[in-house]
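Before any comments, here is the structure.
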2 protein chains.
Amino acid sequence: MAIELKPTEALKLWHDVNLDLVRDGETDLTTRQMTILLTIYLDPPPHTVRGLAKKLAVTKPVITRALDTMGKAGLVTRRRDEADRRNVIIQRTVQGSLYLDRLSDLIIARAHALRP
Amino acid sequence: MAIELKPTEALKLWHDVNLDLVRDGETDLTTRQMTILLTIYLDPPPHTVRGLAKKLAVTKPVITRALDTMGKAGLVTRRRDEADRRNVIIQRTVQGSLYLDRLSDLIIARAHALRP
DNA sequence: ATAGGCTAGTACGCGTCCGAAACGATCGGG
DNA sequence: CCCGATCGTTTCGGACGCGTACTAGCCTAT
């Protein structure tokens, strides 16, 4: 059965999850970074810089910079594509998986609490 | 009836809505700014800088700067509290309401599309 | 072999955000 | 009437993201 949300519920869900992210303090991902991270973990690989840039409708440097930042945080890894060394394959990490596990727990809990 | 989401659904919902926001291009709100905006429109007034700072567990300059930015974008307004002129009351605007209307439409559509 | 195309990354200048500290304005109790 | 407390803002140096333009490496067809 489809998920039917009322406008107030939709906004409250968005608010509550964002509030948790802000309060957490740990996280400081841009909307773009968050979208990239989720794309890497939800869409089937392989993931390349130009592929992500096209999907998000942003320029390549945006992807490169986001990968730099998230790579430093251990959320993703880069590897040269040996078949075509121009390409860079973006890979998942254990730490990134754990981060998204926590995120999904958070969303599920907030969605569940919408209707007490 | 409560809203039950599976982990993959939760992450996909989060991804899809963020993707829409990124692709839109118009919006460029920080997680903090988004949370502040939603708080102003969902929680009962009055809203003050220190109140928002306490709720989000951030410092006051963060709130001031976010209000500067969103004020320039026409999403919120500030007004002195005449009863206690130390306070600043943060108010909603028509433009802010419209922005959140569009956001809720987006979330509702993406939630609905989760289970085709 | 080489020219032209792809790929990802880098350089630059600009704007914005950050945390910490300090500031001016305002209130309220003694 | 003052003096301490409270409120919001400003300032400072530093970090980061942005778009544009350019670079360096790789591949492929001629």
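Values in this document were obtained by computation on a predicted structure and should not be read as measured data. Below, chain A is the first sequence line, B the second, and so on; all start at residue 1. All values below were derived from every heavy atom in this structure, side-chain atoms included, with hydrogens, water molecules and symmetry-related copies excluded.
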Write down the protein N/O and nucleotide N/O pairs, taken from nucleotides 22-24 of chain D, whose separation is under 3.5 Å; answer none if there are no such pairs.
none

Using the heavy-atom set of chain B and a strict 4.0 Å cut-off, write down the first and last nucleotide of DNA chain C that makes it in, 5' to 3'.
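Listed 5' to 3', the contact boundaries are C:dC17 to C:dC27.
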Does a salt bridge link B:Lys55 with B:Asp43, judged by any charged N lying under 4.0 Å from a carboxylate O?
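Looking at B:Lys55 and B:Asp43, the cut-off is met.
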Near DNA chain D, which residues from residues 32-45 of chain A have a heavy atom under 4.0 Å away?
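Heavy-atom cutoff 4.0 Å gives A:Arg32, A:Gln33.
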Between P on D:dT6 and CG on B:Asp81, what's the gap in Å once rounded to a whole number?
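Answer to the nearest Å: 17 Å.
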Distance check needed: D:dC27 C1' versus A:Glu82 CD, whole Å only.
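In whole Å, D:dC27 C1' lies 14 Å from A:Glu82 CD.
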State whether the side chain of [X] and the backbone N or O of [Y] hold a donor-acceptor pair below 3.5 Å, judged by distance alone.
X       : Y       : result
A:Gln95 : A:Ala73 : yes
A:Thr93 : A:Gly74 : yes
B:Thr30 : B:Gln33 : no
B:His47 : B:Ile40 : yes
A:Arg80 : A:Arg85 : yes

With side chains defined as the heavy atoms from C-beta onward, is the minimum distance between B:Pro7 and A:Asp101 less than 4.5 Å?
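Of all side-chain heavy-atom pairs linking A:Asp101 with B:Pro7, none is under 4.5 Å.
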pair B:Arg92-B:Pro45: side-chain heavy atoms closer than 4.5 Å:
yes
Spell out, yes or no, whether B:Val88 and B:Ile36 are grouped together once hydrophobic residues are joined by side-chain heavy atoms under 4.5 Å, including indirect joins.
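No; tracing contacts between hydrophobic side chains, which count when under 4.5 Å, never links both residues.
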5′-ward residue of the pair A:Arg85/A:Thr30 relative to DNA chain D
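In this pair, the answer is A:Thr30.
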Among B:Arg110, B:Arg102, B:His15, side-chain hydrogen bond (donor to acceptor under 3.5 Å, both in side chains) partner for B:Asp20
B:Arg110
Test question: given the 4.5 Å side-chain rule for I, L, V, M, F, W and Y, name all other residues clustered with A:Leu98, or answer none.
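Its cluster partners, ordered by chain and number, are A:Val94.
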Qualifying side-chain hydrogen bond (donor to acceptor under 3.5 Å, both in side chains) pairs with a residue from residues 65-77 of chain A, counting only residues at least two apart or across chains:
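Matches after skipping sequence neighbours: A:Asp68-A:Arg78.
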Sort me out a list of protein N/O and nucleotides 7-10 of chain D N/O pairs below 3.5 Å, or just none if empty.
unit_1 : atom_1 : unit_2  : atom_2 : d
D:dC7  : OP1    : B:Arg50 : NE     : 2.9
D:dC7  : O3'    : B:Asn87 : OD1    : 3.3
D:dG8  : OP1    : B:Val49 : N      : 3.3
D:dG8  : OP2    : B:Arg50 : N      : 2.8
D:dG8  : N7     : B:Lys60 : NZ     : 2.6
D:dT9  : OP1    : B:Arg78 : NH1    : 2.9
D:dT9  : OP2    : B:Thr64 : OG1    : 3.0
D:dT9  : OP2    : B:Arg78 : NH1    : 3.2

Heavy atoms from other residues, nucleotides or ligands near CG of A:Asn87 exceed 12 (cutoff 6.0 Å):
yes
